[in-house]
Structure formats: C-alpha cells, structure tokens
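Here you go, one structure.
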Amino acid sequence: MRIMRLPVTWLKGLGLAALFILLPASAVPTVYRDWRLWCLFGLTILFIGSQPNLRQSKLGSEQKTDEDRGTVTILHVVGYATVLIPYGHFLWRATNQVPCSVNGGYLSAIGAVCGAAGMILRAVAVRILGRWFTHTVQVQTNQNLVQSGPYRWIRHPSYTGALLFFGTIPFLLCVWPWILVFWPLWFLAYRRRITAEEGTMEKHFGQEYVAYKSRTWALFPYEY
C-alpha cells in the first residue's frame with residue numbers, strides 16, 4: 001500500500017510547484033530560459049514530494065501536545081512567504097530587465113548547492129526518524145529517542161535541511177536582500193518550535209534527553 005501512495009505525494013509536489021512557480025512565470029515568458037527558475041521548480045517538487053506519508057505514522061494529529069501552540073502554522077506561513085515573495089521579486093526584476101547588483105551567477109550557485117544539500121539532509125533525517133516523524137509536536141509512550149545518523153550531532157537535522165533550502169532561495173534567485181528579512185523570521189519560528197518540541201521531549205525521556213542535549217547542537221554544529 002505504501003508504494004501505491006507515494007506517487008500521490010509527488011503529484012502534489014508537481015502540482016503545487018507548477019501552480020506557484022511555473023504559472024506566474026507565464027507573464028514573463030523569457031524567464032523560462034533562466035536555469036534559476038527550473039532549479040527552484042525542481043527543489044520545490046523535491047521538498048513537497050519527499051514528505052513522508054503521515055497516515056502511516058505512529059503519531060496522529062489528535063495526539064499533539066499543548067506545547068505545539070500553532071508552531072506548524074507559523075512555519076507554513078513563513079515557508080510560503082520565503083518562496084513566494086523573493087520569487088515575485090525575481091519575476092519583477094525579469095519583467096523590468098533589472099540586473100542583479102552583485103555577481104548573480106556566484107550567488108545563485110551558492111543557493112542551488114545549499115538548497116540541494118538541504119533537501120538531501122532533510123530526506124535522510126526524515127527517513128531515519130521513520131514512523132516517529134510528524135508535523136506537530138507530540139510523542140508516544142513507546143517512542144524511541146533516535147540518536148543515529150545526523151542525530152548524533154544535530155537534534156533537529158530536518159529543520160537544518162529546511163533552513164538550507166528556504167533560507168538560500170534569495171541567493172538562488174539573486175534577490176539576496178530578502179535574506180535580511182527571512183533569516184530572522186526563520187530563527188524566531190524555529191526557536192519557538194524547538195523550545196516546544198524539546199520541552200515535550202524532556203518530559204517524555206527525562207534525563208536521557210537532557211544528556212543528549214548536552215552533547216549535541218540544535219541546528220548547526222558549533223554554532224547553535
């Protein structure tokens with residue numbers, strides 16, 4: 001049954017990417033020749049399509065804890081804004097033939113590499129977490145504390161991967177000033193999410209999670 005359901009997720013990714021990326025570009029046909037557009041299109045499909053089938057998760061949405069406090073909604077709003085606003089700026093610049101103020105090829109290459117690396121890291125993290133992955137803050141009585149793969153060093157590698165993808169979109173599209181707007185928003189959104197999630201984990205795992213926190217980083221090794 002799992003094999004039969006996987007294509008639905010990828011079709012959803014394709015449909016949303018076509019709706020929000022390709023369709024608006026039809027107003028500026030010349031942008032279809034820009035590799036940045038297709039890179040964003042492909043990465044968006046990968047991000048949405050690689051999401052696990054939460055119906056098979058051990059955790060249901062009805063089990064979310066009080067600590068969740070709408071963190072999923074906040075992340076969704078910031079995520080959509082991070083894609084659509086810089087992308088709108090990208091299309092405006094293409095319409096008015098405004099060149100990038102710095103070395104656009106260099107910045108875009110950084111954005112493409114970081115975005116791809118983020119997708120790989122997130123996919124690996126979600127796969128390792130397996131049936132315990134969920135969008136809301138919640139735990140189950142028999143849930144295990146995963147400490148393998150990237151979880152050996154980073155407590156939230158799926159968030160790190162998402163940050164590398166969303167946070168470097170302004171670089172990919174060569175509208176880098178938006179970095180100054182969205183990185184603080186992402187930091188605040190994930191800080192709220194991580195605080196809620198780790199509070200729940202400490203309640204569930206107790207000293208085991210406290211010890212795990214003491215030897216790992218939240219998002220980036222040696223930084224945070």
Hey, is CZ on Phe220 packed in by over 12 heavy atoms from elsewhere, all under 6.0 Å?
yes
Is there side-chain contact between Thr216 and Tyr151, with heavy atoms separated by less than 4.5 Å?
no
According to the interplanar angle, ranging from 0 to 90°, do the rings of Trp178 and His89 count as parallel (below 30°), tilted (30 to 60°) or perpendicular (above 60°)?
perpendicular
Flag side-chain contact, heavy atom, 4.5 Å: Leu172 against Thr168
no
Shortest non-hydrogen pair, Ile74 vs Ala189, comes out as CG2-CB, 3.9 Å
Shortest non-hydrogen separation from Val78 to Thr82 and the atoms involved:
O-OG1, 2.6 Å
Are Leu219 and Leu185 linked, directly or through intermediate hydrophobic residues, by side-chain heavy-atom contacts shorter than 4.5 Å (ILVMFWY only)?
yes
Nearest 0.5 Å, what's the CG-OG distance between Leu163 and Ser158?
10.0 Å
Hydrophobic cluster identity match, Leu164 and Ile179, side-chain contacts under 4.5 Å:
no
May I ask you to check whether Trp186 and Tyr190 place their ring centers less than 6.0 Å from one another?
yes
Below 4.5 Å, heavy atoms only, C-beta onward: do Trp92 and Val28 meet side chain to side chain?
no
List, one per line, each side-chain donor-acceptor pair under 3.5 Å for residues 13-24, sequence neighbours excluded.
none

Any sub-3.5 Å donor-acceptor pair from Trp153's side-chain atoms to Pro221's backbone N or O?
no
ILVMFWY cluster, Trp176 and Leu37 together (side-chain gap under 4.5 Å):
yes
Any donor-acceptor N/O pair, Arg36 side chain to Leu173 backbone, under 3.5 Å
no
Describe, in one word, how the ring planes of Trp38 and Tyr32 are oriented to each other, choosing from parallel (under 30°), tilted (30 to 60°) and perpendicular (over 60°).
tilted
So OH of Tyr106 and CZ of Phe171: to nearest 0.5 Å the spacing works out to 9.0 Å
Cluster question for you: counting only ILVMFWY and a side-chain heavy-atom cut-off of under 4.5 Å, with indirect links fine, are Val124 and Val113 together?
no
Heavy-atom closest pair, residues Ala162 and Arg122:
CB-NH1, 4.3 Å
Quick one, Arg193 and Tyr159 - any side-chain contact, counting heavy atoms below 4.5 Å?
yes
How about Ser148 and Val146: do any of their side-chain heavy atoms sit closer than 4.5 Å?
yes
Using the rule that Ile, Leu, Val, Met, Phe, Trp and Tyr join whenever any side-chain heavy atoms are under 4.5 Å apart, tell me whether Leu75 and Ile194 fall into a single cluster.
yes
Closest approach of Pro86 and Ala81, non-hydrogen atoms and distance?
CD-O, 3.4 Å
Nearest 0.5 Å, please: how far is OG1 in Thr160 from CH2 in Trp217?
12.5 Å
Taking all heavy atoms of Gly149 and all of Ile128, pick out the closest pair and write down the distance.
CA-CD1, 3.8 Å
State, yes or no, whether a side-chain contact exists between Phe90 and Asp34 at a heavy-atom distance under 4.5 Å.
yes
Less than 3.5 Å apart, any donor N or O on the side chain of Glu202 or Tyr212 sitting next to an acceptor on the other?
no
From CA spacing to verdict: ring-ring contact (aromatic ring centres under 6.0 Å, His included), Phe165, Phe47
CA-CA 9 Å; Phe165 168 58; Phe47 183 83; 5.3 Å; yes
Any side-chain heavy atom of Ile169 sitting closer than 4.5 Å to one from Phe182?
no
Min side-chain heavy-atom separation His156-Glu198 under 4.5 Å:
yes
Quick one: closest heavy-atom pair of Gly167 and Trp183, and the distance?
O-NE1, 3.1 Å
Backbone N or O of Cys174 within a donor-acceptor pair of the Arg93 side chain at under 3.5 Å?
yes
Would you say Gln147 and Arg155 are linked by a side-chain donor-acceptor pair, where the criterion is simply a distance under 3.5 Å?
no
